[in-house]
Number of protein chains: 2
Amino acid sequence: MSRKVMGIGMVRELTGLTERQIRYYEDRQLVFPDRTSGGARKFSFEDVERLKEIHRKLRDGFHTFELRKTIMADHAHSIDT
Amino acid sequence: MSRKVMGIGMVRELTGLTERQIRYYEDRQLVFPDRTSGGARKFSFEDVERLKEIHRKLRDGFHTFELRKTIMADHAHSIDT
DNA sequence: CGTGTAAGGAATTCTGACACG
DNA sequence: CGTGTAAGGAATTCTGACACG
């Protein structure tokens with residue numbers, strides 16, 4: 001499911017992350033939520049999985065700028081899936 | 001996808017229905033969204049399909065109380081799917 | 001660097017009601 | 001019956017900033 005339909009609150013519940021963390025990962029260019037006309041972020045189930053993966057990598061000692069390559073590769077792959 | 005994750009605004013976009021119609025169908029017991037602690041409705045992709053189906057049936061002349069049986073049957077079926 | 005938090009504002013959603021037919 | 005709308009309120013989300021380390 002790559003359809004971006006859920007708000008940050010639901011993503012928070014699904015990932016266990018804080019809104020701060022989610023927004024920061026977006027700021028670091030690791031996830032790319034859509035936006036409603038009002039500016040609210042909309043995420044997909046894939047984004048949820050990706051966010052969990054990001055957090056795991058960070059826990060393992062990686063830095064956001066290092067994840068960019070790995071994550072982007074995942075992204076490029078998921079595009080033609 | 002039976003996970004109830006999206007707000008009524010997204011459902012409005014995905015179904016083309018108005019919030020009024022969506023809330024009314026819930027009032028008529030044709031869809032059963034979850035609620036956030038704050039009271040906001042949360043729908044699943046299945047709910048989106050169901051809502052479209054409901055609207056089609058209404059367009060064809062059925063009434064909400066008649067749909068209840070049909071729809072409920074669909075619901076009972078989707079539970080063990 | 002990655003995350004917490006208080007601040008003020010804007011967008012989202014909620015309910016109950018009146019309306020029409 | 002099914003749907004529109006204006007009304008007031010409550011919950012959600014947003015941004016920019018200060019903080020810590």
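Chain naming here is simple, since letters A, B, ... match the order of the sequence lines and numbering starts at 1 in each. FYI, side chains are in, hydrogens and waters are out, and symmetry mates aren't considered; it's all heavy atoms of this structure.
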As an exercise, state the distance from CD of Glu49(A) to OG of Ser44(A), rounded to the nearest 0.5 Å. 9.5 Å
Under a 3.5 Å cutoff on both atom distances, Watson-Crick or G-U, what's the dot-bracket for DNA chain D ([ ] crossing, | other strand)? .||||.||.|.|.||.||||.
Return the minimal non-hydrogen interatomic distance between Val11(A) and Met6(A), and the atom names on each side. CG2-CG, 4.0 Å
How does each nucleotide of nucleotides 12-19 of chain D score, in 5' to 3' order, for protein heavy atoms under 4.0 Å: base (B), sugar-phosphate only (S), or none (-)? SSBB-B--
Rounded interatomic separation in angstrom, taking [atom1] from [X] and [atom2] from [N]:
X	N	atom1	atom2	value
Tyr25(B)	dG2(D)	OH	C1'	7 Å
Lys57(A)	dG2(C)	NZ	P	14 Å
Arg56(B)	dG2(D)	CZ	C1'	18 Å
Asp27(B)	dG4(D)	CG	P	15 Å
Ile54(A)	dG2(C)	CD1	C1'	13 Å
Leu17(A)	dG4(C)	CG	C1'	14 Å
His55(B)	dT3(D)	NE2	C1'	10 Å

Which nucleotide wins on minimum distance to the side chain of Tyr24(A), given the candidates dG2(D), dT3(C), dG4(C)? dT3(C)
By nearest atom, which of the nucleotides dG4(D), dT3(C), dG2(D) is closest to the Leu58(B) side chain? dG2(D)
Are the side chains of Met10(B) and Phe43(B) in touch, meaning some heavy atoms are under 4.5 Å apart? no
With a 4.5 Å cut-off on side-chain heavy atoms, are Thr15(A) and His55(A) touching? no
N/O donor to acceptor pairs below 3.5 angstrom from side-chain atoms of residues 57-66 of chain A, sequence neighbours left out:
residue	atom	partner	partner atom	Å
Lys57(A)	NZ	Glu53(A)	OE2	2.9
Thr64(A)	OG1	Arg28(A)	NE	3.1
Glu66(A)	OE1	His63(A)	N	2.6

side-chain contact (heavy atoms from CB on, under 4.5 Å) between Lys42(A) and Thr36(A), worked out: CA-CA 7 Å; Lys42(A) 288 299 171 186; Thr36(A) 64; 3.4 Å; yes
